[in-house]
Amino acid sequence: MDAILDGLNDAQREAVTSSASVLQVLAPPGSGKTKTLTARVAYLVGHHQLKPWNIIVCTFTVKAAREMKDRIKALIGEQVAKKLELGTFHSIALRYLKQYGQHIGISKDFGIADSSDTKAILKKSIAKIGATMQPGSAQGRISSLKCKGIDCDAFARSAKNVESQEFLQIYRSYEATLLASNLLDYDDLLLRCRFLMQSHPQCVSNVQAVLIDEFQDTNCVQYDLMRLFAQHCNAITIVGDPDQSIYGWRSAEIKNLATMKQQWPDTLTINLKDNYRSSGAILHAAQKLIEQDEGRPPKKLQATHSIGSRPVLRKLPSANAEAEWLVSEIKRTQAVTGGLLKENDFAVLLRSATLSRAIESALGKAGVPYRMLCGTRFYDRAEVKVLIDYLRVINHAGNDEVIERVINVPTRKIGDKTVAALNQEAQLKGVSLWRMILDVVQGRCRSEFKLAEPALKGLASFVDVVLTGQRKVTSLESEKSSLLALLETVIKKLNFQSYLKEKYAEDHEIRWANVEELMAQTGDFEEKENLQDMAEDALPAIDGLDQREISSDDALQLFLANVALTASLEKKADDDGESVQQITISTMHAAKGLEWPVVFIPACYDGSIPHSRAEDNDEERRLLYVGMTRAQVLLYLSCPIKNTQREETCMSTFLTQPGIECFFEEHGPMVSNASVNALAKTLRRDAPAPKTISEKRRELDQEEDNYWPLNGDMPAAEEARWDYSRDKSLPGFGTANRSLSTFGSTSMQQTDGFSTASATMKSGFVSVASKYEELMEQSAIRKIERRTETAAKVVDENPKGRKRQIDGQSSIATFFSNAAAKSERLPASPPSTLKRPGPPLPEDRPKRPLNEISNMQFSRPDQLISKSSSSMPYKPRTAPLSSRPSQVQVEDDAGSGNSYVFLSSSPEKPERNEPSVPANVQSADSSNGSEQPKIRPAATFHTTSMQRIGQPQRKTLGMRRSLHGWSARGRP
DNA sequence: GGTGCATGAATGCGT
DNA sequence: TTCATGCACC
């Protein structure tokens, strides 16, 4: 018992031990919300002797559920914890519907329509009606109606105008389709469960306590569910924070807090005030920001840590510059804190997942490992989704949309026309698409329409796969994992591996690795969710109420439900005990409830945050508040003065309100040794020794965040490069040797011609330049040798080739200036742009004839590789995408002009490929047994720039680049 | 009628 | 990047 209350402050302790039957805990960021809630659960079990299976704990997201479960486990032990009825609202609703659904006419084998299904259904419905609505917006509108409990009939009563009449038709058609296919969408899960609770209150007669996490995010239906779960016991604990309500777009109702108080007038409210997460300066800034919302009841955050360094609000010239600055700040802070901060301590939080590209490429280029918390779900990756869809058809052939998605994958000569004809005929006969197909194939149907012979054959092979699968499920002689065996059968029947090879010639190995990961997961699932566990998971039996049994027969169904309700597969970093160090990239939404020592929030401009589509600016502000309060010791907001579309941006209105600027610093902090100690204290870590700190600092080229001008201009070196690049008379691409000499002279010209270049830059130039040139030359010779060795082995898979272009020049210029300043510590090898943040490569920079030099810097990827590989050990299970042996190339991102390290098997056109050295040749097509280290990008299941392999460069992009000259963005 | 390629347009957060 | 469309070819 003491263990449960240990380390709680007074308010937390009061909340945990309160005997109030209805309790609201208002918990601002970092106040120990989860700690309090988990402790209360443990307390209810330990002190009040409630049975865990009679306690319902609802969270909002899968991640929160997992986190909560883990923490409760730590408090009361795994055996007890896993008996709790703990999960997301949706998963708990699903559980009730599975076991009691028959009482409200829901058959056992209903499927869950995910958003791609509902979108497809809506698209068809809209087409049928002849409306012009976007499926996406219909989807949103229907969902929001459902969340408010407005069904078709209720909507019909209010639908007066033509537009709503049309929408009503769509709504009705959509609901009819779901019904006909025996499908429930996400909202239906909640609605039906609510109906079940209302009509059969005995279902929850066992419940002794209901606890709700993130209550401010509940919608009306979820509120009702909470009320109904607790209809017998009347014991409710909620935790929440109105300031962190960021799901209004999902129909969350902040007013549920007030509603609750009205409904239970003796509700006890406990305010947690103390913040244990962030340093004072961060809290002050966040507080100032949230107070811009005048309708909000005043509430103070109490810092428990020291004031720390002020958050940073940084201006950069472009999105790419921002990304490069961000990477350089990561490296700089790591160094100036003497290694106190590891990669795991950094997070980049984004308003939208689409903003990640520039960041990913900059991280990839610098060899910094990262993981994405957001992004495409593993189960949504094309190759995985196809297999999942096959399993769904096998499990539940009534889902026409899914059949349509896979019927021609791999291609079976069944085109849209055939499908449309089948659909029409099926509708005419009033049977499902699957039944129709079956009848056609098995000759039971003398159809009025004629199918082409190849299409008929194709249908037969499709039916064969599905029927074989279904037989596999029903025969269930599970001497081995039946789910896995089923999946293996499907894969074999589809000849899936060769299909992938054919369809995705460039990256089939990565895709196949994902398939293997899926197989591993199905195996895991069955192992974990074995019969015994399933019995334990089941709801407790209730006298006089039929309960459907859940058995291993349902493994497939449970697995698929799990897939539908699982956001993304959280990668277990410590599979082999050692945790992988990597930066986290996440959306601000997905970051809720999490914390990191250092947080970056890039793209703080109007249109991004507040988002241009957002309806509620207060909610956007709260979102930024949530993002800011994730930070423990260092917080960076930044704003490119040009967005990714190269349009001028306005800094977020939230950050330009009068008075807020004094809460921010204009550039990254200079961290003194004393601040390092304070910082360590806030993080509850040991401070590094002063000696270590100074050693690390010395490795830096720039100890201060002063490379990028504070006003968002391009740095001087960039300007120099600009001048150079506009000079049309300069020599073009040549051989490596020629370019070397070219380089010497041109950069000399450039430096001389650049009046604002510092004097040190010039004075240190000659000696450093000659030394550097010598090193470069040696390196170039090595590379040319290696290139000729390997050239013969490399197959040109992509004749269009891609032009790579690395920013050599300005980093070289900086190198000179730096080297001049610190000539006593000249690096032993050519300086890598990795070490210092490369200057930006704005989207529209014209190509410069210095790619050879650039390549030289990058075609020594061994530096980069060793960095990457040391921190990213090869782990196929956890990082399937990275399992492909590849050659490393430096790529020019077609759109952004940014440099990438690519895993690629497509070489350059020889004449443009000067010193490009496939240093890391191990790919299937050019394997020579090389023992070069492999690069292992940390990206896991998500599409990242690192995986953009073999994409032909779009010619139009090259055009665009030359159209918008660098000059267009000249200095103010 | 079906397939494959080239081109053009759009891209919000999550169960 | 992913999706939708238009076009040439089997």
Side-chain angles (χ1 to χ4, degrees), chain A residues 58-65 87-94 112-116 118-119 123 134-137 139-140 143 146-147 184-190 214 217 219 221-222 246-252 349-357 360 373-377 380-382 408 411-421 449-455 458 503 561-568 586-592 607-616 619-620 622-623 626-627 644-645 800 893-896 942-945 947-948 951-952 954-956:
Chain A
C58 287
T59 67
F60 218 66
T61 63
V62 176
K63 204 164 49 184
T88 61
F89 276 101
H90 290 86
S91 70
I92 290 175
L94 175 73
I112 298 173
D114 66 23
S115 38
S116 64
T118 56
K119 207 167 195 171
K123 200 175 158 195
Q134 290 286 315
S137 73
Q139 203 177 18
S143 175
K146 284 188 169 189
C147 288
L184 299 182
D185 67 19
Y186 290 126
D187 301 311
D188 285 337
L189 289 175
L190 303 180
E214 305 278 16
D217 288 333
N219 62 34
V221 179
Q222 287 163 329
I246 53 173
Y247 284 97
W249 53 276
R250 263 169 78 176
S251 307
L349 305 184
L350 308 165
R351 173 61 184 84
S352 29
T354 43
L355 292 166
S356 70
R357 283 184 58 194
E360 282 186 69
L373 275 189
C374 53
T376 326
R377 302 186 330 156
D380 280 345
R381 300 189 63 82
N408 203 28
T411 131
R412 297 189 174 97
K413 301 207 181 291
I414 306 168
D416 294 342
K417 297 274 165 162
T418 310
V419 174
F449 64 98
K450 263 197 89 156
L451 284 181
E453 195 56 34
K503 173 137 192 217
N562 204 43
V563 167
L565 295 182
T566 302
S568 60
S586 171
T587 59
M588 283 189 256
H589 281 95
K592 192 169 179 189
S608 174
I609 179 125
H611 196 271
S612 49
R613 294 188 173 198
E615 281 162 23
D616 182 356
E619 178 159 312
E620 296 289 302
R622 290 194 294 267
L623 184 57
V626 167
T644 42
Q645 267 75 51
K800 287 204 174 95
D893 174 33
S896 67
H942 309 285
T943 309
T944 72
S945 49
Q947 295 150 28
R948 262 187 277 145
Q951 285 291 319
R954 304 268 297 270
K955 291 168 203 137
T956 46

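Chain letters run A, B, ... following the sequence lines, proteins first, then strands; residues in each count from 1. In what follows, every heavy atom counts, from backbone to side chain, and hydrogens, waters and symmetry copies are set aside.
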Protein-nucleic acid N or O pairs under 3.5 Å, nucleotides 3-10 of chain C:
unit_1 : atom_1 : unit_2   : atom_2 : d
C/dA4  : OP1    : A/Lys123 : NZ     : 3.4

Decide yes or no, distance alone: a donor-acceptor N/O pair under 3.5 angstrom between the base of B/dG12 and the side-chain of A/Glu615. no
Donor-acceptor side-chain pairing of A/Ser115 and A/Thr118 below 3.5 angstrom: no
Out of B/dG12, B/dC13, B/dT3, minimum distance to the side chain of A/Thr587 belongs to B/dC13
Base-pair string, DNA chain B, Watson-Crick plus G-U, cut-off 3.5 Å on both distances, | for inter-strand, is ||||||||||.....
Under 5.5 Å between ring centres and under 30° between planes: does that hold for A/Phe89 against the base of B/dT15? no
_Proximity of A/His611 and A/Trp249 rings by center, below 6.0 Å_ = no
**OP:** Give one of base, sugar-phosphate or nothing for A/Asn408, where a contact means two heavy atoms less than 4.0 Å apart.
**Re:** sugar-phosphate
Cationic N near anionic O, under 4.0 Å, A/Lys146 to A/Asp185:
yes
Considering only heavy side-chain atoms of A/Arg250, the closest of B/dG12, B/dG14, B/dT3 is B/dG14
Salt bridge (Lys or Arg N to Asp or Glu O under 4.0 Å) filter on A/Asp187, not counting sequence neighbours, yields none
Quiz item: Between A/Arg357 and A/Glu360, is the closest basic N to carboxylate O distance under 4.0 Å?
Solution: no
Out of B/dG12, B/dT3, B/dT15, minimum distance to the side chain of A/Tyr186 belongs to B/dT15
Give a yes or no on whether the backbone of A/Leu190 and the side-chain of A/His90 come within a donor-acceptor separation of less than 3.5 Å.
no
Base, sugar-phosphate, or nothing: which does A/Thr61 touch, judged by heavy atoms less than 4.0 Å apart? sugar-phosphate
Stacking between B/dG14 and A/His589, yes or no? Criterion: centroid separation under 5.5 angstrom, plane angle under 30 degrees.
no
Picking from B/dG12, B/dT3, B/dG14, the nucleotide nearest the side-chain atoms of A/Thr411 would be B/dT3
Could you tell me whether A/Gln222 contacts a base, only the sugar-phosphate backbone, or nothing, with contacts defined as non-hydrogen atoms closer than 4.0 Å? nothing
* So, is A/Thr418 close to the B/dG2 phosphate, meaning a side-chain N or O under 4.0 Å from OP1 or OP2? -> yes
Looking only at B/dG14, C/dT1, B/dT11, the nucleotide nearest the A/Thr354 side chain is B/dT11
So NZ of A/Lys592 and CG of A/Leu623: to nearest 0.5 Å the spacing works out to 9.5 Å
Testing B/dT15, B/dC13, B/dT11 for proximity to the side chain of A/Arg613, the answer is B/dT11
I'd like to know if the side chain of A/Gln222 and the backbone of A/Asn219 have a donor-acceptor N/O pair within less than 3.5 Å. yes
Per atom distances to the A/Lys413 side chain, the nearest of B/dT15, B/dG2, B/dC13 is B/dG2
With side-chain contact (heavy atoms from CB on, under 4.5 Å) as the test, would you mind laying out the steps for A/His589 and A/Arg351 before giving the verdict? CA-CA 8 Å; A/His589 281 95; A/Arg351 173 61 184 84; 3.9 Å; yes
Using a cut-off of 4.0 Å on non-hydrogen atoms, how would the nucleic acid contact of A/Ala455 be classed: base, sugar-phosphate, or nothing?
nothing
